[in-house]
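In what follows, a structure is listed as structure tokens, so that the remarks can point back to it.
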Amino acid sequence: MPELPEVETVARGLQRRVAGDTIESVWLSEKKQPLKSSTAEIVAALEGSRIVQARRVGKHIAIDLEKANGSQPGMAVLHSQWIVHLGMTGSMLVTTPEAPIEKHTHLIAKMASGKEVRFVDPRMFGKLAVTSSQFQAPGHEPLEIDFDSFAGLFRKRKTPIKSALLNQSLLSGVGNIYADESLARAGIRPKRRAASLTHAELKKLYIALQKVLHDAIKAGGSSVSDYVGADGERGFFQIKHLVYGREGQPCRKCKTPIKRIVIAGRSSHYCPACQK
DNA sequence: ATACCGACCTGTCAGC
DNA sequence: TGCTGACAGGTCGGTA
């Protein structure tokens with residue numbers, strides 16, 4: 001569920017609440033784990049590590065960790081990264097130890113401050129991993145890419161523009177909601193072949209995408225069903241959606257009913273009058 | 001190389 | 001009150 005603005009909100013929440021805190025112990029549920037690294041690797045990397053920084057990379061949360069290599073003073077510092085992908089339904093919550101443990105809690109990290117960081121994910125599409133190298137997302141950051149590079153991503157691509165926006169190896173962080181919402185704001189139909197977009201349309205899309213992502217971050221993301229930030233708070237950008245989740249409802253600009261079609265297996269929403 | 005499609009999971013909601 | 005099917009913010013691997 002979480003796309004760039006939601007993951008950014010969670011990462012900022014973690015940064016605010018637990019940066020500088022130390023992980024004292026880690027509990028992992030017995031159930032089949034949504035892990036990319038082994039349980040032992042995760043426990044070894046996390047326990048005793050200080051959280052230096054939490055930030056977003058694409059749709060991933062990268063948590064920079066460091067700990068002393070051995071107990072002797074002056075020993076080298078070990079650096080690692082805890083990588084979290086929230087999948088469709090994952091959340092990273094900072095709670096008190098007394099907070100009831102939600103069903104589908106897969107990891108609890110007890111912090112030196114007494115707080116707990118919990119990973120909860122009902123559908124288990126999320127992933128946890130640790131790495132000693134710097135994690136890099138495959139595609140460009142939509143909020144950092146320059147316009148010429150952005151336009152270059154779509155040149156020669158026959159795929160629908162909607163599919164291209166969702167392709168994480170092109171842009172990292174755009175998901176189903178913000179693909180639809182940016183196309184709506186740019187007046188472009190989701191099924192248009194990517195390569196058919198004119199220079200002017202690409203410019204509109206570039207500006208619309210960055211604006212909608214910035215606005216959604218300001219609103220704490222979109223909470224369509226169960227998304228919450230690190231403090232359990234809901235986002236409220238869903239009230240600003242022009243098309244996503246609004247099938248049959250009147251377009252906010254021209255009152256034409258919003259259409260829903262399926263592109264590459266994903267629901268796609270648009271205004272048949274405003275989007276060409 | 002590129003592009004669909006089902007699979008991976010659980011939960012919810014509409015309709016019968 | 002069930003039951004069934006469709007659908008849900010994402011990605012992967014297999015196939016054409």
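Sequence lines set the chain letters: A, B, ... in the order given, protein chains first and strands last, and positions in each chain run from 1.
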Legend entry - Euclidean distance, atom CE of residue A:Met88 to atom C1' of B:dA7 [Å, nearest integer]: 13 Å
Inset, instruction - Whole angstrom is fine here: how far is it from NZ in A:Lys127 over to P in C:dC12? - result: 8 Å
Contact under 4.0 Å: [X] side-chain N or O vs [N] OP1/OP2:
X        : N      : value
A:Ser267 : C:dA8  : yes
A:Lys156 : B:dA1  : no
A:Arg123 : B:dG11 : no
A:Gln168 : C:dT11 : yes

Legend entry - Spacing of CD1 belonging to A:Ile145 relative to OH belonging to A:Tyr206, to within rounding of 0.5 Å: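 That separation rounds to 7.5 Å.
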Legend entry - Candidate nucleotides C:dG10, C:dA8, B:dC4, ranked by approach to the side chain of A:Pro160 - the nearest: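 Ranking C:dG10, C:dA8, B:dC4 by closest atom to the A:Pro160 side chain puts B:dC4 first.
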Say whether, by atom type as modelled, one donor and one acceptor occur between the side chain of [X] and the main chain of [Y] under 3.5 angstrom.
X        : Y        : value
A:Thr159 : A:Ser163 : no
A:Arg192 : A:Ile161 : no
A:Arg189 : A:Gln275 : yes

Inset, instruction - Could you measure between the two P atoms, the one in B:dG6 and the one in C:dG5, and give it in whole Å? - result: 16 Å
Legend entry - Pairwise P distance for C:dA6 and B:dC5, with rounding to whole Å: 16 Å
Legend entry - B:dC8 base stacked by A:Phe125 (centroids within less than 5.5 Å, tilt under 30°): yes
